[in-house]
Peer 1: 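One structure, pasted below without further comment.
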Amino acid sequence: MRDSLLDLGIEPSWPFPPHLTNVERENLAQIIKDWASGHGLVVRPPPTAIAAEADPNRIAAVPAPVTLFPSGIARHTFRKGLAAQKAYNELYAAVSRDEKFLADIVKQVVDGDEFVRDLWAVHQTVKSEGYTQSLSLGLFRSDYMAHKDTSMLPPFDQLKQVEFNTIASSFGGLSVRAAQLHHYLTKTAYPLLQHPIAEGTLDLPENKAIEGLAGGIEAAYHAYGDAQPEHTKCVIFLVQGDERNVWDQRHLEYQLAKSSPTIPVFRLAFADIMKNTTLAQTKKRQLLYSSPINQDAKYEVAVVYMRAGYGPNDYPSQQAWDARCHLERSHAIKCPSVLTQLAGTKKVQQVLATPRSENEVSILSKFIKDDTPSATELWKTFTNIYPMDASELGLVARKKALDPNQCQDYVLKPQREGGGNNIYGKAIPDYLKSMPESRWGSFILMELIKPEPQRNLILRNGQIEEGNVINELGVYGACLWDQKSGKILHNEEAGWLLRTKGDKSEEGGVAAGYGCMDSVSLTLTNIDIQEDMDAAAQE
Ligand code: ADP
Ligand code: MG
């Protein structure tokens, strides 16, 4: 048996990034800027890069912020993250089918959360007249950070779930491009550095997020069945009018055009739902779409893929809520339905992750059989999350949240998506005190995951930033299920995302300007080497 990693030709720790001269930095930055524009690793410019007045016709695109090098992720943690996804898909499909469970969740947060209240009201309205579509599509993303578990020797990385997204899970398109960029650099630029990284040194896994997510939309499109004879079946991408992350979405459209060229795909702004769609006067209430460029062509919408509607800003008026209700009443397959959106609230995550005492059954076991390998793997990804209500556990959490020292290990989260909504560490006590206690129950308190920083360089708006960074791995899932029978028609792990941010930054959102795109370079730890040796021994 070999006793040293070096004997195996493996570097004992992540050796990158190599030291770069200023000339090398500038050269790499130029290569990345050009590649990003050439391959659609781009976003509409933030106002800090190009002011709106300088681009009145909205023609500009700028490279998305991205790391100069991929980040090292232990192979076993990466594999575990991907392997857990199908079980997570099933779990959230099951949660979205459990109306009683969700009603209870809503009840717990509704005081102080009008948005959740209004979403629930949409479901109630549609339920009262009867849903006409029982198929439901989820394009999910489970986000993780690696927690160093020091209770074991040697310590090892365990993925801990940050959150589970059930609506508008973004960056599938750009994550594939970021992985391709780093792959390109391993072949062209890295081997030529003064401290070269020889081709073949980095183990870069393939990322199939674009195919995986588009594959979910295709599965739903086909499962929808035939349109009325006078209509052509189509897919709608429901988007925000002022979206900056356009090409991330476009990559999915381009994939559909490539793999299913007969599927018409239209982009519809959330604010235009009532202008461009109607419901057929039939029992099924098919969603009919007329394109503003050809009013005569009538389409029947098989799938509504929502990249909007996840937060209160998309609902400035009652009309916007009426529009959401109009979609929900329709026969189109929604990605997601209101119930699936509600299944993605942080409160659901907290309730599922709340540990029980030895003799109590877990809430998770309502949805996924206890003691199965999948349930065990899911449990390992949970971290401590507490309610902030007046229950016994909630009172413990309130104490932690209000204590000026203890609060530093926590993040306080409302039931919101899209970044910029959480309250971190020291800011928690004053924030809580600024509102009536009756609203506290609409938040959850989550222990901060503290991944080990690595070094990297980030190219953002043409400037290079260098320093310690931490990574967040997202794993996509595509799941199509029957809401009534529970039958699962499509269940796939659908690629991954690596986002990276400065280790002092709290939020990680790329669109919100906190984080950047990155990709995975697999590293081998003792666990991985042991796994390989075990596999070899079995052969
Ligand atoms: P949102 O739905 O707004 O994206 P998240 O729960 O994903 O909210 O939190 C936003 C960001 O905050 C995450 O991407 C992550 O960088 C950071 N974050 C959230 N929860 C934790 C946690 N428990 N530990 C460490 N960082 C966290
Ligand atoms: Mg998030």
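Values in this document were obtained by computation on a predicted structure and should not be read as measured data. Every number for a ligand or one of its atoms is a count from 1 in the order of the listing.
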Peer 1: Using a heavy-atom cut-off of under 4.0 Å, does the side chain or the backbone of Arg416 touch ligand 1, or both, or neither?
Peer 2: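 For Arg416, only backbone atoms sit under 4.0 Å from ligand 1.
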Peer 1: Counting heavy atoms only, which of Lys450, Lys413, Gln415 comes nearest to atom 20 (N) of ligand 1?
Peer 2: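 The nearest heavy atom belongs to Lys413.
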Peer 1: Charged N to carboxylate O below 4.0 Å: is that the case for Lys148 and Asp157?
Peer 2: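 Salt bridge: yes.
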Peer 1: Taking the six-membered ring for Trp, is the centroid-to-centroid distance between Tyr424 and Tyr410 below 6.0 Å?
Peer 2: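 For Tyr424 and Tyr410, the ring centres are not under 6.0 Å apart.
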Peer 1: Considering only heavy atoms from C-beta outward, does the side chain of Ser170 approach that of Asn245 to under 4.5 Å?
Peer 2: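 Counting from C-beta outward, Ser170 and Asn245 do come under 4.5 Å.
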Peer 1: I want to know whether Phe115 and Trp321 have ring centres closer than 6.0 Å.
Peer 2: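 Here the rings of Trp321 and Phe115 have centres that are less than 6.0 Å from each other.
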Peer 1: If we set the cut-off at 4.0 Å for heavy atoms, which region of Glu447 has an atom near ligand 1: side chain, backbone, both, or neither?
Peer 2: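 For Glu447, the contact with ligand 1 is made by the backbone alone.
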Peer 1: Show the atoms of ligand 1 that are less than 4.0 angstrom away from any heavy atom in Met446.
Peer 2: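 Every atom of ligand 1 under 4.0 Å from some heavy atom of Met446: 23 (N).
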Peer 1: Would the number of heavy atoms belonging to other residues, nucleotides or ligands and lying under 6.0 Å from CD of Glu392 be above 12?
Peer 2: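 No, CD of Glu392 has 12 or fewer neighbouring heavy atoms, counting only those of other groups under 6.0 Å.
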Peer 1: Can you sort out which atoms of ligand 1 are near Lys346, meaning under 4.0 Å from one of its heavy atoms?
Peer 2: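 Atoms satisfying the 4.0 Å criterion: 1 (P), 2 (O), 6 (O), 8 (O).
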Peer 1: Ligand 1 and Gly419, any nitrogen or oxygen pair closer than 3.5 angstrom?
Peer 2: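 Yes; at least one N/O pair falls below 3.5 Å.
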Peer 1: First locate atom CH2 of Trp496, then atom CG of Asp143, and finally report the distance between them rounded to the nearest 0.5 Å.
Peer 2: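 It comes to 14.0 Å.
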Peer 1: Counting from 1, what ligand 1 atoms have a heavy atom of Met145 closer than 4.0 Å?
Peer 2: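 Heavy-atom distances to Met145 below 4.0 Å select 15 (C), 16 (O), 25 (C), 26 (N).
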Peer 1: Mind checking whether Ile449 contacts ligand 1 via backbone (N, CA, C, O), side chain (CB onward), both or neither, at a 4.0 Å heavy-atom cut-off?
Peer 2: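 Looking at Ile449 and ligand 1, atoms from backbone and side chain both fall under 4.0 Å.
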Peer 1: Mind checking whether Tyr424 contacts ligand 1 via backbone (N, CA, C, O), side chain (CB onward), both or neither, at a 4.0 Å heavy-atom cut-off?
Peer 2: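 Under 4.0 Å from ligand 1, Tyr424 contributes side-chain atoms alone.
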Peer 1: Ligand 1 versus Glu417, non-hydrogen atoms closer than 4.0 Å: side chain, backbone, both, neither?
Peer 2: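 Under 4.0 Å from ligand 1, Glu417 contributes backbone and side-chain atoms.
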Peer 1: Please state whether Lys160 comes within less than 4.0 angstrom of ligand 1, counting heavy atoms only.
Peer 2: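 Lys160: no contact with ligand 1 (<4.0 Å).
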Peer 1: Please identify which atoms of ligand 1 are closer than 4.0 Å to at least one heavy atom of Val411.
Peer 2: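 Answer for ligand 1: 20 (N), 21 (C), 22 (C), 23 (N).
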Peer 1: Output the distance between atom CG (Leu135) and atom NZ (Lys334), rounded to the nearest 0.5 Å.
Peer 2: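 With rounding to 0.5 Å, CG (Leu135) is 10.0 Å from NZ (Lys334).
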Peer 1: Would you say the rings of Phe140 and Tyr88 are close, in the sense that their centroids are separated by under 6.0 Å?
Peer 2: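 That pair fails the under 6.0 Å test.
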Peer 1: Non-hydrogen atoms of Asn422 versus ligand 1: any pair closer than 4.0 Å?
Peer 2: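 Yes; Asn422 lies near enough to ligand 1 that a heavy-atom distance drops under 4.0 Å.
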Peer 1: Should Arg416 and Asp113 count as an ion pair when the cut-off is N to O under 4.0 Å?
Peer 2: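 Yes, charged N to carboxylate O under 4.0 Å.
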